[in-house]
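Every number for a ligand or one of its atoms is a count from 1 in the order of the listing. Just so it is clear, the model here is predicted, and its values are computed rather than measured.
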Amino acid sequence: MIKNIASKFKVTGKLQAYDDFGNGHINETIALTYVENGVYKRYILQKLNKVVFPNIDELMENIVKVTGYLQEKYIKIGKDPMRNCIKIIKTIDDGNFYTDDRGDMWRMMYMIEGTVAYDLAIDNDVFEKTGKIFGEFISLLNEYPVDTLNEIIPDFHNTKSRFEAFRTAIKANNVKRKKTCKAEINFVYNNVGLCSIIVDAMDAGTIPVRVTHNDTKINNVLMDAVTGDAVCVIDLDTIMPGSLLYDFGDGIRSGCNTAYEDEKDVSLVDFDIEKFECFAKGFISGLGDNIKKEEKDMLHMAGIIITLECGIRFLTDYINGDIYFKTTYPEHNLVRCRTQFMLVDKMLSKISEMKAIIAKY
Ligand code: GN1
Ligand code: MG
């Protein structure tokens with residue numbers, strides 16, 4: 001099957017091998033190895049998640065437009081557009097993706113060789129570079145006309161809407177899991193006040209709508225395997241109008257946790273404030289002038305809000321019966337939710353430290 005799907009894209013050579021690749025929770029990712037005249041080349045093939053993304057046409061349109069724009073920018077600033085930016089490979093019919101007989105949708109990209117992605121931020125210097133490349137990403141797109149982008153998942157980071165979806169799930173209690181997560185449900189109610197902070201500021205126009213990545217989990221940056229330099233921001237499915245607070249917040253959520261997102265032993269979860277400083281320093285320097293005072297004044301709260309939101313999303317999906325995120329065992333989403341809520345608690349006790357750090361940069 002994979003061979004047949006791969007043959008629909010504009011690549012030359014003979015397909016030698018393919019294997020599962022990466023750790024994403026949404027799409028299925030496969031690495032393809034081709035050989036042509038004794039030279040090996042690798043590509044990424046992805047089956048896109050139709051439940052999460054009902055409008056793959058629009059999603060791919062965003063990606064193709066934005067990567068085309070970024071590639072030109074990279075050339076101008078002396079970077080390598082094929083290494084510092086993902087590049088979509090067209091289908092033989094010149095499409096952005098291929099739909100198979102079952103209605104599943106696939107896309108292909110060039111593999112960026114000699115890079116790795118980390119699920120945990122172990123090295124301070126590497127993590128600062130991660131922050132910097134996410135800040136630069138927003139900077140490079142600063143002049144991109146934000147209203148020409150499709151809104152791929154409406155209200156994706158609208159934390160208030162996420163809270164409403166959580167309440168709807170509890171009310172429906174479709175798979176009778178409500179009784180197994182009472183403490184987590186209470187945690188959400190006790191912290192509901194946090195949900196409105198970013199949304200209200202955006203609605204009031206205090207902070208601007210920008211082109212943002214919206215999924216700045218640290219494993220969405222490819223790092224050079226030898227030098228540790230940040231090479232390329234990947235997973236552009238959710239590029240759309242947003243706030244830079246979302247991107248900062250998700251970087252903090254994923255990189256300042258001392259434990260994995262799905263660590264079962266929550267006592268291993270802690271908030272690493274030193275890592276916070278590294279990411280903040282990198283992110284702010286990557287943004288340059290492209291941050292308003294009002295945004296900067298809220299940066300210290302962004303990690304808390306996005307971590308709470310992510311925990312609410314995991315909990316909602318657990319209550320709904322695991323219909324959104326990939327899971328490998330029945331409590332997987334609940335376990336993920338617990339690490340997020342523990343991290344929120346740890347962060348809440350360090351608000352003033354975070355504020356003082358932001359003020360330094
Ligand atoms: C999903 O695709 P991936 O694994 O990078 C999710 C993010 C969550 C993240 C939590 C489209 O990201 O929003 O923060 O899982 N992506 C989508 O790990 O929902
Ligand atoms: Mg993703």
Side-chain angles (χ1 to χ4, degrees), residues 20-30 44 46-56 58-60 62-63 86 105 107 109 116-121 130 133-134 137 149-159 161-162 165-166 169 198 212-223 232-243 245-257 259-263 269 302-318 320 322-328 332-344:
D20 289 348
F21 194 77
N23 281 341
H25 294 346
I26 308 290
N27 299 318
E28 277 172 43
T29 306
I30 298 163
I44 294 287
Q46 285 185 307
K47 181 165 108 184
L48 297 158
N49 186 319
K50 288 189 284 189
V51 178
V52 170
F53 304 119
N55 46 356
I56 286 172
E58 293 185 359
L59 176 152
M60 289 305 294
N62 276 3
I63 295 184
I86 64 159
M105 283 157 266
R107 72 172 162 218
M109 290 168 272
V116 280
Y118 299 105
D119 292 326
L120 279 187
T130 306
I133 200 170
F134 279 134
F137 189 82
L149 285 177
N150 304 307
E151 199 176 355
I152 295 307
I153 301 181
D155 292 327
F156 189 61
H157 281 301
N158 183 326
T159 317
S161 306
R162 294 293 185 180
F166 155 79
I198 299 177
T212 50
H213 181 283
N214 296 303
D215 187 8
T216 50
K217 192 151 79 169
I218 62 164
N219 66 10
N220 280 333
V221 178
L222 299 180
M223 315 297 293
C232 182
V233 173
I234 59 166
D235 193 353
L236 308 183
D237 294 337
T238 51
I239 282 205
M240 57 184 156
S243 164
L245 296 171
Y246 302 155
D247 286 2
F248 184 74
D250 207 54
I252 296 303
R253 175 190 78 80
S254 56
C256 300
N257 188 348
Y260 287 104
E261 187 180 79
D262 59 357
E263 172 57 58
V269 173
I304 302 178
I305 296 161
I306 296 299
T307 308
L308 175 67
E309 177 188 283
C310 194
I312 294 175
R313 292 175 63 198
F314 288 140
L315 183 58
T316 305
D317 198 34
Y318 172 74
N320 282 335
D322 310 322
I323 53 181
Y324 187 94
F325 295 104
K326 278 190 220 162
T327 52
T328 55
H332 206 160
N333 271 317
L334 184 58
V335 164
R336 288 172 177 147
C337 153
R338 287 182 178 140
T339 61
Q340 302 306 292
F341 290 172
M342 177 61 92
L343 189 60
V344 169

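In terms of polar-atom proximity, defined here as any N/O pair under 3.5 Å, Thr238 makes no such contact with ligand 1. Checking only distances, Tyr324 does come within under 3.5 Å of ligand 1, N or O to N or O. Remark: ligand 1 and Glu261 share an N or O pair separated by less than 3.5 Å (distance only, no angle test).
Closest approach of Phe166 and Leu315 over heavy atoms only: CE1-CD2, 3.6 Å.
Proximity of Arg253 to ligand 1, defined as any heavy-atom pair under 4.0 Å, is confined to the side chain (atoms from C-beta onward). Heavy atoms of Asp235 found under 4.0 angstrom from ligand 1 belong exclusively to the side chain. Residue-level proximity to ligand 1 for Phe314 is carried by the side chain, the only part with a heavy atom below 4.0 angstrom. Proximity of His25 to ligand 1, defined as any heavy-atom pair under 4.0 Å, is shared by backbone and side chain alike.
Note on ring orientation: taking the six-membered ring where Trp is involved, the planes of His25 and Phe325 are perpendicular (angle over 60°, cut-offs 30° and 60°).
For the pair Arg313 and ligand 1, a heavy-atom separation below 4.0 Å is found. Asp237 does not count as a contact of ligand 1, since none of its heavy atoms falls under 4.0 Å from the ligand.
With no hydrogens or angles considered, no side-chain donor-acceptor pair links Thr339 and Glu263 at under 3.5 Å.
Paired with Asp215 under the rule side-chain contact (heavy atoms from CB on, under 4.5 Å), one option of Asp235, Leu236, Asp237 passes, and it is Asp235.
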